[in-house]
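Reckoned from all heavy atoms, side chains included, excluding hydrogens, waters and symmetry mates. Chain A is the first sequence line, chain B the second, and so forth, proteins listed ahead of strands; every chain is numbered from 1.
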Amino acid sequence: MKIPPVKGTRDFYPPDMARRNWIIDGWKRVSVRNGFEEYDGPIFEYLKMFQIKSGDEIVEQLFSLTDRGGRELALRPEITPTLARMVNQQINSLPRPIKWFSVPRLCRAERPQRGRLREFFQWNVDIIGVDDVLADAEVIFCALDYLREVGLGAADIVVKISSREMLAALLLTIGIAESELEDLYAVLDKRSRLPGDTFEQMLAEKVPDENKRKKIFELMAVESIEQISDCLELNETARESVDELKHLFELLEVMGVADFCMFDISTVRGLAYYTGIVYEIYDRGGELRAIGGGGRYDNLLKQFGGPAIPATGFGIGDSVLAILLKEKGLFDKQLPSRKLDYFVACVDKVYRQAAVKLTMKLRSAGFAANFSYKAAKLSKQLKQASDQNAGRCVIIGSEIEKDQLIVKNMASGEQELINFGKFLQQCQIESK
RNA sequence: GUGAAAGUAGCUCAGUCGGUUAGAGCACUGGAUUGUGGAUCCAGGGGUCGCGGGUUCGAAUCCCGUCUUUCACCCCA
């Protein structure tokens, strides 16, 4: 009986695994050089933990289970709550600022589509304990540092940046009630994805007052931060958050990533917990869903029972990123292909034990080495050596009686007859 | 969760007004080459045509259901 893989999951055959590792290793390397430390938590948590922040409708979108002790658990759909929990637990002993990253495996019970799976990896980078917008700039830089390193330029991707705090202040100025903000965000967030008249219709349902609606339209048509003050009179909160955004763009300029970034007032993010700067990373072609996104969430730790500590961070998933890298032709050519240092072949079965013995010696010295399981023809064994991407092939034949063997460079095809003891000596030296 | 399209070998696909034993290329295995790989040529293995049911003398082909994938919604933590 054949059992298929579960809907929305992926099998990672060795070539897929090489790609996955290449992506994840890059995430980790860039995190570390940007001064972040790695953490991780359990793959399941109390269901309750995910409800605190997002409400009951979220329960339908996560995989939940009841354990034998009757505990209501859920497979983690994100790691930010775990981060908040972990930080709160040791909040008094952690030196600040806290700069942490993680590459969790996450599960969401969504309907799978291109770039959206039920199980995936997500790179999360967060700074906790810094309210300066410099921290927001730094995490955005970190994301771009990676994307730029794998070959995605400002012509390929864009970071659309806005501020929720600013948008809230502006909408309140227009006369929208505070209680209506969340609903309205959801509509505004869709603006760029919907045809104009559909958007107008949806907006009309939320904002029946025509004057207010007109103001919102004007506001959403704004293309630069400067234009905002032409459109509306700014109160103090609005002015502060406008200044903060301007400052953010100055910092991104200083960091050398300004050409990747643009102001986009309709970027809101779906999550309720964002409090200030928010951003999403897209492919410039606009073909794919968001590669990642993030923002400031200054109230979250408090909601999880800790003190009020500011925080900011982003997440980038592996599936959309992989699609984009593949489309841009940036994927396979960057994968490391060489796998084996040595393949040990023998020309006759009488030398097989010698081949096995030498292979083990090479392995113990730290080399990746294989031998043939069959006393096949030498041509077959050399083919195996090529198939396994061996750098060199050691050939054991009748020369071994004179304490000699052949070492063949698989790339150049050159080979030399070498004294066995000398070869071993060379390997010991190389392995240091 | 709603609506739509697709599913034939490991991969990319051909084959359908219903008609013998379902094909190709690539990949894989073996041989040509008894001590030298990547090329070439030859041969071989591999399919209950996604799965289940129905119509029919006869189904990969038509009908229904189901699963999976993809697209549009929903959602996007």
Side-chain angles (χ1 to χ4, degrees), chain A residues 1-11 13 15 45 49-55 57-62 74-84 104 106-118 120 122 124 185-186 189-190 193-195 198 202 268-274 278 280 287-295 297 300 313-315 317 319-320 323 340 343 345-351 372 374-400 405-415 417:
Chain A
M1 182 174 153
K2 267 190 191 168
I3 301 186
V6 173
K7 181 193 187 91
T9 65
R10 291 170 289 179
D11 292 328
Y13 288 87
E45 294 272 7
M49 193 172 82
F50 300 111
Q51 293 170 313
I52 287 179
K53 163 177 121 165
S54 320
E57 71 277 12
I58 255 43
V59 177
E60 290 169 19
Q61 288 189 54
L62 47 75
L75 296 181
R76 61 185 180 191
E78 57 171 332
I79 202 170
T80 311
T82 301
L83 171 67
L106 305 178
C107 296
R108 298 178 189 173
E110 293 180 293
R111 186 143 182 184
Q113 267 178 44
R114 183 173 152 91
R116 184 173 79 178
L117 300 163
R118 290 187 161 191
F120 56 96
Q122 193 183 61
N124 280 77
Y185 287 158
D189 190 46
K190 289 183 181 39
R193 294 191 290 262
L194 290 175
T198 315
M202 289 181 74
V268 192
R269 303 283 288 153
L271 270 187
Y273 68 76
Y274 286 109
V278 285
E280 289 180 340
E287 302 282 311
L288 305 172
R289 58 185 70 238
I291 300 162
Y297 51 99
L300 190 66
F314 71 83
S319 51
V320 176
I323 292 168
L340 266 194
F343 190 92
C346 58
V347 301
D348 189 282
K349 61 176 185 278
V350 301
Y351 306 120
S372 173
K374 288 186 287 187
K377 281 192 260 188
L378 185 57
S379 63
K380 288 284 169 207
Q381 294 185 56
L382 280 163
K383 183 163 160 37
Q384 274 190 53
S386 318
D387 289 347
Q388 294 179 29
N389 279 320
R392 288 163 211 278
C393 184
V394 177
I395 301 167
I396 299 178
S398 54
E399 305 86 355
I400 197 75
L405 36 76
I406 291 167
V407 179
K408 184 183 177 81
N409 181 319
M410 295 301 285
S412 67
E414 287 168 13
Q415 60 185 48
L417 190 63

Quiz prompt | Polar pair under 3.5 Å, donor/acceptor by atom type, side chain A:Ser386, base B:G37 | solution = yes

Practice item. Confirm from the modelled atom types if A:Ser379 and B:G35 form a donor-acceptor pair under 3.5 Å, side chain to base only. Key: no

Between CZ of A:Arg108 and P of B:C74 the distance, given in whole Å, is 18 Å

Name the nucleic acid region contacted by A:Lys349, choosing base, sugar-phosphate or nothing; use a 4.0 angstrom heavy-atom cut-off, strictly under.
nothing

When rounded to whole Å, the CD to P distance for the pair A:Glu280 and B:C75 reads 14 Å

Looking only at side-chain N and O atoms, does A:Lys374 come under 4.0 Å of OP1 or OP2 in B:G30?
yes

When rounded to whole Å, the CD to C1' distance for the pair A:Gln381 and B:G30 reads 16 Å

The Watson-Crick or G-U wobble partner of B:U68, with both key distances under 3.5 Å, is B:A6

Does the side chain of A:Lys377 get closer than 4.0 angstrom to OP1 or OP2 of B:A32 through an N or O atom? yes

- Message: I'd like to know if the side chain of A:Arg108 and the backbone of A:Pro77 have a donor-acceptor N/O pair within less than 3.5 Å.
- Response: yes

B:C73 and B:G15: how far apart are their C1' atoms, nearest whole angstrom? 36 Å

Value for CZ (A:Phe50) from CD (A:Gln61), rounded to nearest 0.5 Å, stands at 13.5 Å

Checking N1-N3 plus N6-O4 or O6-N4 for Watson-Crick, or N1-O2 and O6-N3 for wobble, each under 3.5 Å, the partner of B:G19 is B:C57

B:C73 -> Watson-Crick or G-U wobble partner, both distances under 3.5 Å, gives B:G1

Margin query: Measuring only the P atom in each nucleotide, how far is B:U61 from B:U16? A whole number of Å is fine.
Written below: 13 Å

Here the distance between atom P of B:U66 and atom NZ of A:Lys7, to the nearest Å, is 12 Å

### Task
Keeping the roles fixed (side chain from A:Gln381, backbone from A:Cys346), state whether a donor-acceptor pair exists under 3.5 Å.
yes

* When rounded to the nearest Å, what value does the distance between P atoms of B:C11 and B:G7 take? -> 15 Å

One should read off an interatomic distance between A:Lys377 NZ and A:Asp348 CG, to the nearest 0.5 angstrom, of 14.0 Å

Any donor and acceptor pair, going by atom type alone, linking the side chain of A:Arg116 with main-chain N or O of A:Arg111 inside 3.5 Å?
-> yes

- Just checking A:Glu399: base, sugar-phosphate only, or nothing, at a heavy-atom cut-off of under 4.0 Å? base

To the nearest angstrom, the CZ-P distance between A:Arg118 and B:U70 comes to 12 Å

message: Between B:G1 and B:G58, how many Å separate the two P atoms, rounded to a whole number?
response: 38 Å

Which whole number of Å gives the distance between the P atom of B:U20 and that of B:U34? 45 Å

* To do: For B:G23 versus B:A60, give the span between their C1' atoms, rounded off to a whole number of Å.
  => 12 Å

**OP:** May I ask you to verify whether the side chain of A:Arg269 and the base of B:A77 hold a donor-acceptor pair under 3.5 Å?
**Re:** no

| query | In whole Å, what separates the C1' atom of B:G46 from that of B:A5? | reply | 30 Å

Compare side-chain N and O positions of A:Lys380 against OP1 and OP2 of B:G31 and report whether any pair is under 4.0 Å apart. yes

**Prompt:** If you look at every strand shown and take non-hydrogen atoms under 4.0 Å, does A:Gly413 touch a base, only sugar-phosphate, or nothing?
**Reply:** base

Here the distance between atom C1' of B:G37 and atom NZ of A:Lys408, to the nearest Å, is 7 Å

A:Leu288 atom CG is separated from B:U70 atom P, nearest whole Å, by 13 Å

ask   = If you look at every strand shown and take non-hydrogen atoms under 4.0 Å, does A:Gly8 touch a base, only sugar-phosphate, or nothing?
value = sugar-phosphate

(request) Looking at every strand, decide which applies to A:Ile406 at a 4.0 Å heavy-atom threshold: base, sugar-phosphate, or nothing. (result) base

**Request:** Answer with base, sugar-phosphate or nothing: what part of the nucleic acid does A:Ile395 contact at a heavy-atom distance below 4.0 Å?
**Result:** base

Comparing nearest nucleotides in RNA chain B, the 5'-proximal residue of the pair A:Met410, A:Arg111 is A:Arg111

Quiz item: At under 4.0 Å between heavy atoms, what does A:Gln384 touch on the DNA or RNA strands: base, sugar-phosphate, or nothing?
Solution: nothing

Tell me what A:Arg116 touches on the nucleic acid: a base, only sugar-phosphate, or nothing, going by heavy atoms under 4.0 Å.
-> base

Taken to the nearest whole Å, CD/A:Glu110 to P/B:C73 is 15 Å

Which of B:A72, B:U70, B:G37 is nearest the side chain of A:Gln113? It is B:A72

- Message: Between B:A24 and B:A32, how many Å separate the two P atoms, rounded to a whole number?
- Response: 25 Å

Regarding the side chain of A:Leu382, the nearest nucleotide among B:U36, B:G31, B:C71 is B:U36

Here the gap from A:Lys7 atom NZ to A:Arg118 atom CZ, rounded to the nearest 0.5 Å, amounts to 5.5 Å

Applying the 3.5 Å cut-off to both distances, the Watson-Crick or G-U partner of B:U29 turns out to be B:A43

